[in-house]
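Remarks on the structure that follows.
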Amino acid sequence: MNFSEVFKQSNQLCKVSPDGKYLATCVQYRLVIRDVNTLQILNLYTCLDQISHMEWSSDSLFILCAMYKRALVQVWSLEQPDWHCKIDEGSIGLVSSRWSPDGRHILNTTEFHLRITVWSLCTKAVSYIKYPKACQKGLDFSRDGCYMALAERRDCKDYVSIFVCDDWHLLRHFETETQDLSGLEWSPNGCVLAVWESCLEYKMSLYSLDGRLLSTYSAYEWSLGIKSVSWSPSSQFLAIGSFDEKVRILNHITWKKIAQFEHPAIIDNTKTVYKEIEKRPAVSSDEMSLHDITVASSLFSTQSKYDISPLPVQIPVVKPDPDRANPKIGVSALAFSSDSRYIATKNGGFQVHSLNWHCSGDSLILIGKDQLCLCYMDADQNNE
Amino acid sequence: MSPSRHNNLMSAYSLPSSKSSYSVISAFCTEDNIPQCISYINQELGSLGLAAHIQADPPGRASLNAAPALNAMYELLQIHRRSMNNVEELEKEQLKKTSTLEHMQTSNSRLKDQLELSIREKSGLHETERQLQLKLKTLQSCLKTEKDEVQKLQSIIASRASQYSHDAKRKEREAAKLKERLSQLLVDRKDKKLAIEMLNSVGRSDGKRSHWKTAKATASREAEMYKSLLSDYEASQRALMLENAELQKVLQQMKKEMMHILSPCPPLNRGGSAEESQELGDSDREERSAETSRETLDQSCEHAREQLTNSIRQQWRKLRNHVQKLDNQASLVQNQPPSNAEVIPLETHEHEVERMRLEVQQCKEFIHAQQQLLQQQLNTSFDDETAALLNGCYTLEEKERLKEEWRLFDEQKRNFEKERKNFTEAAIRLGREKRAFEEDRAAWLKHQFLSMTPFADRMRSSSSDGQSALSVKSEPEIRTSSSKAPPVKSSAYTTFSTPKSSKSAAVPSTIDVCRTLRLIPDYSSSRHSNQRRWQESSATEDEESWLKSKSKVCSSDLSIFSLDEDKNPLT
């Protein structure tokens, strides 16, 4: 494996374009576009302030750079480097900014979630969406880019609005059965919307595209509930990771639990357990299996390799402080492989920021704070 | 009292009576008081119930009437015997009774002990039971308290939750109000307006123009949404139908297989169960016929589905029973001596297996033996001489062949050497003859040239000789082998022996020079090719350069003096 030279970036803003040709990095207030193959700098743009967020449009023609402090969004074009666009939200502030799926509209969420402003790059028109909900994941676009689901809160009640992304026309607006909606996610086929409660109650509600409630699922009461949710790419399964360190899989026909995976402290029943051994005696080593995936946090760059540990394996468990909110227990990250055969989960307080599968479904990348790890699956390993 | 008195009297009197006569019994009866005694005895007899007939025979005398006295005595003896028997019996009974009494007493005492013991145990058990009851009560009370606590906590949680939600709602309303106010203020503020600055508008991503928002458009949106939903449902329904059909197929197959397994059971079972299996078979056949008719109906029919599942269940039950029966039979057979039809197959199976194992063993041994023999063949453990001899035998033929080939090879080599020598000699000769020929040719050309002058007649005759000599010599050239060609040619050209120096001054005519020059390259080329085939001498190179020079001369302007001296290969 060869490595290129190290490039500077700030805020972990470094993204490859959706068509895979360009690499955009942000260094302070500059946006650098490089060619992916040669890493030559193709374009260099200067923004007015330090860039907080950067995103490629879906057709890889435009990049938006958001500066939250100054409530500014600047859009740059790849085809015409002279073209510029600046969106100023004014005094109302800016908390988040994102593209619409067609790559021609920008949705800005103002401070205190007062409203969402939809700016059109085609017509310079502005639309407002009022009362968006400030929650973990209040806005989701369907995978084909046709519909947008937005969580709203009016009069202490939760609503979901479904917009058609072509002309931002409100298709459906319905009240949900949640007390405090915490997130929503479209299924990959765009027909079912999964809506879940905040962690005070375990409740997952499923709504169809036209706003009907299909089913609700609640595994238990009174304890902390849902922590993470993931759909399988075939829309057949919905995986729910909760604070009780279990993953429950629902099927799309009956919306009932068909499988449940646990993360016990002593692993005895999986096939192989990989333990990361670091060549520094002071740091405790972590373990990785096809169910639990963890990465050790290290202060310095160390050499590490993975050994197969003999079963049973004891995972070091850190009991969280019960007095604090948002304890670091439970299944916090889920990822299905692209052929829906495997699911990778992260349990506990280990420092893994993201889990991503390769599109072929054979390898998994774990990104920690300072490290990343690629896991390759053998063709003959079978696991549910 | 009288029998005991009588007994005593009798016992008193029996002892002495055995020893002596009337003199001992003098206390009761003497010769004086006989009649009193007789009357007394009669009285006693009468009181005993016997006939009192004892009389003095002659009245007033001492003798008695023997018969009644004897009778009386006999009866008294009878009575005595009877009473003795009674006494015996009574004594026996008394013994028995005392023994039973003793036995009863011992058992009584034992039972009393046991009773005491059991009473003590009972009291102990009572004690423990009491303690356990106490514990149970305490535990129950604990459980109750815990449950109460749980209830309490739950109610607390519920109340707190409601409290929090109420508070949260209140705060949220406040926040909403604040947000409204804030947005009002911010929107109304004039200093910093929200704006967008763009260099120029960007086209839509799909390149089309945007549409007006009409009711038709909204309706079409709704329609699109429903279409997508419907298509998704249809897809899932299709998938489910396929799955359903597959599962039904599997069930059908299972059913058929189960029926198949169950129906041909009579030959396998023993006599007793054969009837049952017969029945099974009959019922199966009936069912089968009934169901095939039903299978022709639509499979998605609810009724047909239920029928299918019911029949599957039935078949499964039958199969299970059958398997259980087989298991029982197998266990029975294991206990019984093997004389059944079912066991024999097993035995024969085992026999077969044993036989095959033996065969395999034998084959292995055979192979092993062969291997060993082969090894012996290859690795001879004899002494070195014989080993060498043996090795030598194998390679002798090859050696001989090799020697033959070496000999042939040497011969050929020698032949080649000879021929090479010949060729080199021939080449040298050829070279010399070429030189000579050159000289001759030069002379001839000069001659020719000179013959074009008025002195033509004189020259022609000599040239014709030369030509005829050439033609004459060409025949033997063709006839002889090509390897002899050079010497022949060289000999042919020896006639043209002219000094070398004269060549430089040769001045031939134009046309004739060309012709001759062209002719000569032909000859020389054929000779040249022959030479190339048979010789590796440097003469070939000389030939080539000579050819080149000749052609140059031919093609050039026929300046006679261009016959270069330095290109002369013969120097």
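Throughout, a chain's letter reflects where its sequence line sits, starting with A, and its residues are numbered from 1. This structure is a prediction, so every number in the text was calculated from the model and none was measured. Values below: all heavy atoms of this structure, side chains included; hydrogens, waters and symmetry mates excluded.
Between A:Arg104 and A:Asp59 there is a salt bridge, with a side-chain nitrogen of the basic residue lying less than 4.0 Å from a carboxylate oxygen of the acidic one. Using a cut-off of 4.0 Å between Lys/Arg side-chain N and Asp/Glu carboxylate O, A:Lys69 and A:Asp49 are scored as not salt-bridged. Using a cutoff of 4.0 Å between basic side-chain nitrogens and carboxylate oxygens, A:Glu177 and A:Lys157 are not scored as salt-bridged.
Considering only heavy-atom pairs separated by less than 4.5 Å from chain A, the leading option among B:Met225, B:Lys169, B:Lys179 is B:Met225. Between chain B and the residues A:Leu170, A:Leu121, A:Ile87, the largest count of heavy-atom pairs under 4.5 Å involves A:Leu121. Between chain B and the options A:Ile92, A:Asn189, A:Leu171, heavy-atom pairs under 4.5 Å are most frequent for A:Leu171.
A:Trp76 and A:Tyr45 have their aromatic ring centers within a separation under 6.0 angstrom.
In this structure, the portion of A:Arg172 lying under 4.5 Å from any heavy atom of chain B is its side chain and not its backbone. Within the 4.5 angstrom heavy-atom criterion, no atom of A:His105 approaches chain B. Proximity to chain A is limited to the side chain of B:Glu172, based on heavy atoms less than 4.5 angstrom apart. Within the 4.5 angstrom heavy-atom criterion, only side-chain atoms of B:Leu240, from C-beta onward, approach chain A. For A:Ile253, the part lying near chain B is the side chain, with the backbone staying farther off; criterion is any non-hydrogen pair under 4.5 Å.
In this structure, a donor-acceptor pair under 3.5 Å is absent between the side chains of A:Asn108 and A:Thr117.
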Before giving the answer on ring-ring contact (aromatic ring centres under 6.0 Å, His included), spell out for A:Trp83 and A:Phe62 the whole-Å C-alpha distance, their side-chain angles and the decisive distance to 0.1 Å.
CA-CA 10 Å; A:Trp83 188 85; A:Phe62 298 99; 5.3 Å; yes

